[in-house]
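In this chain, numbering begins with 1 at the start of the sequence shown. Nothing here was measured: the structure is a model prediction, and the numbers come from that model.
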Amino acid sequence: MGIERTFSIIKPDGVERNLVGKIIGRFEEEGLRPVAIRRQHLSQAEAEGFYAVHSERPFFGELVEFMTRSPVVLMALEGENAVARNREIMGATNPSEAADNTLRKLYAESIGENTVHGSDSAENAAIEIAYFFPASTVG
Ligand code: CMP
C-alpha cells in the first residue's frame, strides 16, 4: 500500500476525559504521525455535513448532538497503510465488539460515544481531510 494519509477525530468523550495525549501517543507509537491537527468545537452544520452519508439513519440526530457537545480534535495521519492501520488501532465501531488493546476497547463507552473516528477507505480519507483542512494547512 505504501505511505498513505487518513483522517481521524478524537470525539468529545475522548477530549472531555483528557485522552488526547494518550491517543496521539498511541498513533505515533504505531507509526502514524499527525500531519495536520486542530482542536475545534464543531457547529451543527459542520457535523451534519461531515456525517451526511448517515443522514437517513435513526441515530443521526443523536450522532450530531454528541459530536457538537464539546470540542473535538481533528487530525490527518500519515504512515504505512494508514487507512487500514488506523482502523486496526481503533477497533470495531461498537466497543463491545472491539479487540483487546484497541482504542475503542480501552476507552469507548458505547457505540455512540466511541471516542475516535477513522476513515473507512483511502477515497473517503481524501474527502474527509479536505473537508476540514485546506491543502496549505497539511504538512
Ligand atoms: P464513526 O466511525 O464516527 O461513523 C459514524 C458513527 O455513527 C459511528 O462512528 C458511531 O459513533 C455512530 N453510530 C453508528 N451506529 C450507531 C448506533 N447504532 N447508535 C448510535 N450511534 C451509532
Side-chain angles (χ1 to χ4, degrees):
M1 294 297 300
I3 299 292
E4 278 183 344
R5 287 181 173 182
T6 192
F7 180 70
S8 170
I9 303 177
I10 304 175
K11 297 186 180 187
D13 65 308
V15 178
E16 288 164 1
R17 289 180 289 155
N18 285 336
L19 295 171
V20 171
K22 283 198 176 77
I23 291 171
I24 294 175
R26 175 70 181 274
F27 287 138
E28 289 187 326
E29 279 167 18
E30 302 265 5
L32 297 181
R33 65 181 68 229
V35 293
I37 185 164
R38 181 171 78 247
R39 179 179 140 128
Q40 184 173 325
H41 195 155
L42 299 182
S43 68
Q44 174 147 341
E46 285 165 337
E48 285 176 351
F50 181 75
Y51 280 120
V53 65
H54 296 303
S55 62
E56 301 304 318
R57 302 284 195 95
F59 57 81
F60 184 65
E62 185 187 323
L63 174 61
V64 170
E65 191 176 331
F66 166 58
M67 291 299 290
T68 57
R69 179 170 84 194
S70 61
V72 299
V73 171
L74 309 165
M75 288 180 284
L77 300 172
E78 182 179 87
E80 190 74 35
N81 207 9
V83 174
R85 193 78 201 93
N86 183 33
R87 293 179 69 76
E88 285 170 11
I89 296 165
M90 289 193 300
T93 303
N94 189 340
S96 69
E97 295 166 10
D100 283 352
N101 205 35
T102 59
L103 293 174
R104 285 168 171 159
K105 180 72 167 194
L106 289 170
Y107 303 127
E109 310 219 306
S110 67
I111 192 169
E113 301 203 10
N114 64 356
T115 313
V116 281
H117 164 83
S119 308
D120 63 4
S121 66
E123 184 188 8
N124 282 336
I127 293 168
E128 292 178 355
I129 291 170
Y131 187 82
F132 285 114
F133 293 106
S136 65
T137 68
V138 182

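- Linking Ile, Leu, Val, Met, Phe, Trp and Tyr residues whenever their side-chain heavy atoms come within less than 4.5 Å leaves Ile24 and Ile9 in two separate clusters.
- Judged as a salt bridge (Lys or Arg N to Asp or Glu O under 4.0 Å), the pairs with a partner in residues 29-45 (not counting sequence neighbours) are, in order, Arg26-Glu30, Glu30-Arg85.
- Across Leu32 and Gly79, no two heavy atoms sit closer than the pair CD2-CA, 3.9 Å.
- Residue Val20 is not grouped with residue Val35 when hydrophobic side chains (ILVMFWY) are merged at heavy-atom distances under 4.5 angstrom, including chains of intermediate members.
- A donor atom on one side chain and an acceptor atom on the other are not found under 3.5 Å apart for Ser110 and Glu113.
- There is a path of hydrophobic side-chain contacts, each under 4.5 Å, that joins Val73 to Val116.
- For the atom pair Phe133 CZ and Ile37 CD1, the distance stands at 7.5 Å (nearest 0.5 Å).
- To the nearest 0.5 angstrom, Gln40 atom CD is 6.5 Å from Phe132 atom CZ.
- For the atom pair CD1 (Ile3) and CD (Glu80), the distance works out to 4.5 Å, reported to the nearest 0.5 Å.
- Listed for the Tyr51 side chain is no donor-acceptor partner under 3.5 Å among the backbone atoms of Val64.
- Nearest heavy atom pair, residue Val72 against residue Leu42, reads CG2-CG, 3.9 Å.
- Looking only at side-chain heavy atoms (C-beta outward), Tyr107 and Lys22 come within less than 4.5 Å of each other.
- The shortest non-hydrogen separation linking Ala99 to Lys105 is O-CB, 3.1 Å.
- Under the 4.5 Å side-chain heavy-atom criterion for Ile, Leu, Val, Met, Phe, Trp and Tyr, Val138 and Leu77 are members of distinct hydrophobic clusters.
- No more than 12 heavy atoms of other residues, nucleotides or ligands lie within 6.0 Å of CD in Glu65, so this atom counts as exposed by the packing criterion.
- When ring centroids are compared, Phe7 and Tyr131 stay outside the 6.0 Å threshold.
- Contact between Val83 and Asp120 at its shortest, heavy atoms only, is CG1-C, 4.0 Å.
- For Glu16, the CD atom sits in a packed shell: over 12 heavy atoms of surrounding residues, nucleotides or ligands are nearer than 6.0 Å.
- Residues Asn86 and Ser8 come closest through the heavy atom pair ND2-CB, 4.4 Å.
- Contact record, Ala108 with Thr115: CA-OG1, 3.3 Å, taken as the closest heavy-atom pair.
- Summarising the geometry, atom CE belonging to Met90 is positioned 9.5 Å from atom OG1 belonging to Thr102; distances are rounded to the nearest 0.5 Å.
- No donor-acceptor distance shorter than 3.5 angstrom exists from the side chain of Arg5 to the backbone of Ile129, with no hydrogens or angles considered.
- Rounding to the nearest 0.5 Å places CZ of Arg104 at 12.0 Å from OG of Ser96.
- With hydrogens and angles ignored, the 3.5 Å screen pairs no side-chain donor or acceptor of His117 with any backbone N or O of Ile10.
- Both Phe50 and Phe66 are part of a single hydrophobic cluster, where members link through side-chain heavy atoms under 4.5 Å apart.
- For Glu46 (side chain) and Ser43 (main-chain N/O), a donor-acceptor pair under 3.5 Å exists by modelled atom type.
- The distance from the CG atom of Asn101 to the CD1 atom of Ile89 is 10.5 Å, given to the nearest 0.5 Å.
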